[in-house]
Amino acid sequence: MPMNPNKAQDVWKDAGEHVQFTVLELNRKDQAKEQEAIQEFVDRYQAIIRSLRIRDNKGNLKASLGFSSDAWDYLFPDAPKPKELEPYHTLASEKYSMPATRGDLFLHIRANDEAVVYELISQCMLFLKDFTTVVDETKGFRYFEGRAIIGFIDGTEAPQVEDAADYAIVGDEDPFFENGSYAFAQKWRHHMDIWNKLTTETQEKAVGRKKFSDLELEDGEKFKNAHNVASQAKIDGVEQKIVRMNVPYSDPASGITGTYFIGYSRYWKVTKLMLQNMLKNGDYLLTFSDILSGQLFFIPSRPLLDKIADGELN
């Protein structure tokens, strides 16, 4: 069957108004029971989404469910495995680190109304709570004009929606997993006091774009480690793209503010190369940030979720 974006989960550029990222770990107490439980959950999960889209038909609900490499091996030991799904290990340079953290299951939920996000997660946890433990739960929001929390327009480097399928979802190079996607989730905390002391001109050189208009600077105007330079990935001389979203989160009274990064890609190797280049080139964003988590997940197509629900992958 050819690549069909309509069969993919919601891996497109749509940051949403209200966002939640939830990472869970399997308890690994009874493999057979947890395999049965995940089948029931995946079946219910899709029904919950359908129900909420009817209940709030203007909510613009988007959702993605993914599995880490270790989770795939545990839940579907006799099934095929996505070609590029591997355990994520900490990436590091002499100065910076992108740590690997725990996580088996991943939920990325966004909607126009926080009530829809709340209801979806609440109903999911009715089925997940008995065999999983929450590792991280991060609530994000849409900042003014869809900007990243550091004040710049987010997602300019991502492909246009109509072109995104070739970059975001697996094709016939891995037929069993066609229309799936590799999701890399990474939580950053920014030292905003440092960033906010910089002049606008310095911030623009650090990002590589104008802050107000979003126009890209000429190469000679950017810092050598500007974000849109340092994070570029080329394979055989061709620049690669992924679908990326930088979602702000904050507990402002506590001074905790950051970005939850999610990148959806047809090829994990592309996202991984971008991360390696950021480290190698000393991406300016790393100079005022701490990276708190990182994990790779595979987002199955909706037909593959149906196979999981029917017990066909065990």
Side-chain angles (χ1 to χ4, degrees), residues 9 11 21-32 34-35 37-39 41-42 64-94 96-108 128 131-138 168-170 173-174 176-188 231 233 235 240 242-245 260-280 286 290-301 304-305 307-308 313-314:
Q9 292 193 62
V11 298
F21 300 96
T22 301
V23 178
L24 305 110
E25 191 170 41
L26 295 164
N27 291 340
R28 288 179 169 77
K29 292 182 178 179
D30 187 323
Q31 186 177 17
E34 290 173 12
Q35 288 171 324
I38 204 70
Q39 289 169 28
F41 165 67
V42 169
S64 297
L65 166 66
F67 301 86
S68 71
S69 176
D70 288 346
W72 196 275
D73 293 341
Y74 181 76
L75 294 169
F76 319 119
D78 299 321
K81 187 174 181 179
K83 283 183 179 179
E84 294 193 36
L85 183 59
E86 63 181 13
Y88 172 67
H89 297 296
T90 297
L91 300 175
S93 63
E94 290 185 6
Y96 302 111
S97 175
M98 293 183 172
T101 48
R102 295 161 28 228
D104 290 316
L105 306 180
F106 175 69
L107 286 162
H108 175 199
L128 291 169
F131 67 98
T132 66
T133 300
V134 177
V135 175
D136 182 74
E137 185 176 50
T138 300
I169 61 176
V170 174
E173 69 277 358
D174 199 358
F176 190 80
F177 299 100
E178 199 157 29
N179 302 312
S181 186
Y182 294 94
F184 182 71
Q186 192 177 57
K187 188 173 181 178
W188 294 54
S231 62
I235 296 178
Q240 306 296 305
I242 63 172
V243 173
R244 61 178 80 186
M245 287 168 261
Y260 203 106
F261 168 78
I262 175 72
Y264 291 109
S265 182
R266 179 174 181 169
Y267 303 104
W268 159 234
K269 64 184 178 184
V270 171
T271 309
K272 188 175 183 179
L273 181 58
M274 290 178 174
L275 300 173
Q276 291 169 329
N277 286 347
M278 290 172 70
L279 290 165
K280 180 178 72 174
L286 294 166
D290 299 317
I291 299 180
L292 307 179
S293 68
Q295 183 58 276
L296 173 66
F297 302 94
F298 183 74
I299 311 296
S301 67
L304 188 53
L305 286 181
K307 290 180 182 293
I308 292 172
L313 263 67
N314 286 3

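The main-chain N or O of Gly294 is found under 3.5 Å from a side-chain atom of Thr101 such that the two form a donor-acceptor pair. Between the side chain of Gln9 and the main chain of Pro300, a donor-acceptor pair closer than 3.5 Å is present. A donor-acceptor contact shorter than 3.5 Å links the side chain of Thr90 to the backbone of Ala100. Looking only at distances, a side-chain donor or acceptor of Lys83 sits under 3.5 Å from a matching main-chain atom of Glu173. Put simply, the side chain of Glu34 never gets that close to the backbone of Leu75: no donor and acceptor are under 3.5 Å apart.
Tested against Phe298, the residues Phe67, Tyr264, Tyr182 include a single ring pair (Phe, Tyr, Trp, His ring centres under 6.0 Å) partner, Tyr182. Remark: of the listed residues Glu84, Lys81, Gln295, Lys81 is the sole one forming a side-chain hydrogen bond (donor to acceptor under 3.5 Å, both in side chains) with Ser69.
Annotation: the span from Gln186 atom CD to Leu275 atom CG amounts to 5.5 Å, rounded to 0.5 Å.
Ring-plane geometry between Phe106 and Phe297 is classed as parallel, the angle between the planes falling under 30 degrees on a 0 to 90 degree scale with a further cut at 60.
Nearest heavy-atom pair across Trp72 and Pro82 is CE2-CD, 3.9 Å.
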Side chain to side chain contact (heavy atoms under 4.5 Å, CB included) evaluation trace for Phe184 with Ile242: CA-CA 11 Å; Phe184 182 71; Ile242 63 172; over 6 Å; no

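Ring to ring, Trp268 and Phe177 are not that close: their centroids are 6.0 angstrom or more apart.
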